[in-house]
*Asks:* 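Attaching a single structure in structure tokens format; questions to follow.
In this text the structure is predicted, and so the values were computed from the model without any measurement.
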Amino acid sequence: MKKTVLIYYSDMYDTSALALKDYFESDGNYDVVAMHDRKYDNLLLIKAFHSLYKATYRHAPFFNNVIVNLPTAEVTRKKDSDGNIAPFKPNSETFQRWRKFDNIAMRFDADYVICTTQYSIHKAVVAREKYKLKGKIFALLTDYTLQDNFVSHDVDGYFVITRKCKKDLIDKGIDENIIYVISMPLKQSTPIKRSKEDIRKQFNIRNDLPVITMVGGRYGSKYLYDALLGISGNREYNLIVIEGGNTSIENKFKRVAKKAESNVTDNVYFVKSATEMERAYYISDCVISAPTAAITYEALLRKIPLLLIDSANNVETKNSKFLVAGGYAHSAINKERLEKALSSYRKDKKDWKKHCGKKFKDNGCEQVLVCINAINDGFDPNESLAAMNIEDAEIEETSRHVDGVKEENIADFKNKKRRRWFGSK
């Protein structure tokens with residue numbers, strides 16, 4: 001009999017969740033249900049939450065962190081006068097927002113529950129105890145370092161993509177035996193059978209200049225626009241800008257170019273759909289990106305040099321620091337750093353690819369499936385992962401990489417918090 005896998009995800013964290021859904025379905029041994037937040041949350045509340053999240057994401061990091069923590073704070077476990085955890089009362093102190101989630105949890109009573117958001121992790125734990133559900137609950141963390149509000153001592157396992165994140169969880173009191181280090185779960189790449197010359201022509205690129213793909217993540221438009229302005233005058237590159245449906249970058253950039261009576265748009269190609277990323281990767285000599293976990297992992301998996309623009313909040317700052325300090329990416333948080341990174345990323349490219357190959361080489365969907373299969377059969381998932389000969393590529397805080405800019409990168413990150421919080425340059 002097939003086991004049921006229930007995946008909770010959000011529109012803000014959907015890439016790995018949907019990749020897992022597709023992979024588990026293709027395996028054929030599991031019934032898979034994926035629920036995004038518009039199905040398990042009140043629509044009006046989730047719209048308000050997303051609006052607040054987006055408004056504070058770049059401009060008010062402190063309030064953003066408060067907003068991110070609010071959903072998990074709602075389900076804090078209470079204690080009685082003796083200090084014991086009080087039993088849950090299914091029909092009291094429950095808002096309509098929570099009932100939707102509870103109804104889904106009871107309806108499927110899945111054997112395995114995989115949660116990709118802070119809110120769903122804590123609510124799944126509460127629902128299981130309230131309604132005596134049978135499923136094992138797993139948290140999937142796809143950032144390179146830990147967000148504290150992902151921590152729950154009641155889940156049955158954690159999937160993380162770095163050993164640093166595992167160490168951070170252990171420091172928070174999580175049993176290391178239930179933490180499984182995997183690669184990033186990603187959708188399988190579609191093979192491109194056309195030549196690079198054909199793909200360049202599809203993007204309307206009619207010259208032989210190198211291609212730089214620029215992508216800002218969901219809320220990266222401001223810093224992506226700044227990076228575009230800083231590099232657009234360089235006629236040595238073609239620039240593919242992935243807008244992802246956000247045309248504000250293109251509109252602002254063209255207005256500036258028109259006022260300056262400049263022809264800088266000749267080497268800039270705006271792409272409205274994020275689905276073009278696969279083809280853009282195929283012809284890219286370099287990627288300039290916000291430190292979004294999935295995008296950066298995809299670029300490094302393909303061994304494309306990665307330049308990181310300024311980060312959105314504390315989570316992306318941690319991602320960026322992790323990648324730059326580990327020698328996997330170059331800092332490009334301002335025009336000066338961007339220009340320096342462009343002049344240096346070609347150095348020691350062969351060694352850099354080998355360095356990245358130790359860490360960024362596999363699709364984590366298979367590894368998650370191996371772990372679930374092991375649990376299903378009564379084996380240790382960590383032993384099953386070890387049997388796959390996954391090379392342990394621990395990232396050191398001191399750079400093992402190249403180009404002598406390590407100290408300056410660290411100085412950049414030490415100053416970033418002050419610049420972001422207080423608006424100084």
Side-chain angles (χ1 to χ4, degrees), residues 8-10 12-13 15-17 20 53 57 61-62 64-73 75-77 113-125 137-185 217 290-297 300 308 311-326 328-329 359-360 364 367-368 371 381-382 385 390 392-398 410 413-414 416-417 420:
Y8 291 110
Y9 70 98
S10 165
M12 293 184 287
Y13 305 94
T15 306
S16 292
L20 281 178
Y53 186 92
Y57 198 68
F62 172 76
N64 178 259
N65 293 334
V66 172
I67 290 169
V68 168
N69 278 281
L70 279 178
T72 58
V75 294
T76 300
R77 308 181 76 176
V113 179
I114 301 175
C115 304
T116 68
T117 67
Q118 308 95 320
Y119 164 68
S120 61
I121 290 169
H122 293 270
K123 278 303 298 173
V125 167
I137 300 171
F138 298 88
L140 173 63
L141 280 59
T142 55
D143 285 299
Y144 298 100
T145 56
L146 178 66
Q147 286 180 262
D148 289 348
N149 46 23
F150 271 99
V151 176
S152 170
H153 294 273
D154 299 297
V155 300
D156 298 283
Y158 274 91
F159 295 109
V160 300
I161 67 167
T162 66
R163 299 200 66 80
K164 182 179 186 339
C165 195
K166 178 175 181 177
K167 180 181 181 301
D168 291 341
L169 282 169
I170 293 172
D171 291 343
K172 295 290 183 180
I174 304 298
D175 182 1
E176 65 177 321
N177 294 317
I178 65 168
I179 307 172
Y180 315 119
V181 182
I182 61 168
S183 301
M184 174 79 77
T292 303
I295 294 173
T296 56
Y297 201 101
L300 294 170
L308 298 178
S311 48
N313 63 0
N314 64 332
V315 181
E316 288 194 353
T317 298
K318 290 179 179 181
N319 286 342
S320 193
K321 182 175 180 179
F322 180 88
L323 292 171
V324 175
Y328 298 109
K359 180 64 186 175
F360 304 92
Q367 296 162 8
V368 173
C371 290
N382 280 313
L385 289 175
I390 299 172
D392 184 0
E394 181 72 44
I395 292 182
E396 300 174 1
E397 286 300 321
T398 56
I410 290 178
F413 285 114
K414 285 182 178 178
K416 279 179 73 175
K417 184 175 180 180
R420 182 181 301 111

*Asks:* Can you name the nearest heavy-atom pair linking Ile182 to Gly364, along with the distance?
*Replies:* CD1-O, 4.3 Å
*Asks:* Where do Thr296 and Pro291 come nearest, in terms of heavy atoms and distance?
*Replies:* CG2-CA, 3.9 Å
*Asks:* Strictly distance-based, threshold 3.5 Å: is any side-chain N or O of Gln367 a donor or acceptor partner for the main-chain N or O of Ser183?
*Replies:* yes
*Asks:* For the residue pair Phe150 and Tyr158, what are the closest heavy atoms and their distance?
*Replies:* O-OH, 2.7 Å
*Asks:* What heavy-atom pair brings Asn382 and Ile179 nearest, and what distance separates the two atoms?
*Replies:* OD1-O, 3.5 Å
*Asks:* Just verifying a value: how many Å separate Phe138 CZ and Ile178 CD1, rounded to the nearest 0.5 Å?
*Replies:* 9.0 Å
*Asks:* If we only count heavy atoms from C-beta on, is the Val113 to Tyr8 side-chain gap below 4.5 Å?
*Replies:* yes
*Asks:* For the residue pair Pro185 and Tyr297, establish whether any side-chain heavy-atom pair is separated by less than 4.5 Å.
*Replies:* no
*Asks:* Taking side chain as C-beta onward, heavy atoms only, is Thr116 less than 4.5 Å from Thr142?
*Replies:* no
*Asks:* With rounding to the nearest 0.5 Å, note down the distance linking CG in Asp171 to NZ in Lys166.
*Replies:* 12.5 Å
*Asks:* Could I get the full list of side chain to side chain contact (heavy atoms under 4.5 Å, CB included) partners for Ala293, not counting sequence neighbours?
*Replies:* Asp143, Tyr144, Met184, Asn319
*Asks:* State, yes or no, whether a side-chain contact exists between Leu385 and Val181 at a heavy-atom distance under 4.5 Å.
*Replies:* no
*Asks:* Find out whether Leu146 and Lys318 are in side-chain contact, i.e. whether some heavy atom of one side chain is under 4.5 Å from a heavy atom of the other.
*Replies:* no
*Asks:* Looking at Asp168 and Lys172, does any basic side-chain N land under 4.0 Å from a carboxylate oxygen?
*Replies:* no
*Asks:* Quick one: pull up CZ in Arg163 and NZ in Lys167 and give me the separation to the nearest 0.5 Å.
*Replies:* 11.5 Å
*Asks:* If I take atom CG from residue Asp148 and atom CG from residue Leu169, how far apart are they, to the nearest 0.5 angstrom?
*Replies:* 9.5 Å
*Asks:* I need the minimum non-hydrogen distance between Ala290 and Glu316, along with the two atoms involved.
*Replies:* CB-OE1, 4.4 Å
*Asks:* Does some side-chain heavy atom of Ile161 sit less than 4.5 Å from a side-chain heavy atom of Leu141?
*Replies:* no
*Asks:* Please walk me through it: do Val155 and Val125 pass side chain to side chain contact (heavy atoms under 4.5 Å, CB included)?
*Replies:* CA-CA 7 Å; Val155 300; Val125 167; 4.1 Å; yes
*Asks:* Let me confirm one number: the CG-OG1 distance from Leu308 to Thr292, rounded to the nearest 0.5 Å.
*Replies:* 9.5 Å
*Asks:* Between Ile137 and Asp154, is there a side-chain heavy-atom distance shorter than 4.5 Å?
*Replies:* no
*Asks:* Distance check, rounded to the nearest 0.5 Å: Phe360 atom CZ versus Leu323 atom CG?
*Replies:* 5.5 Å
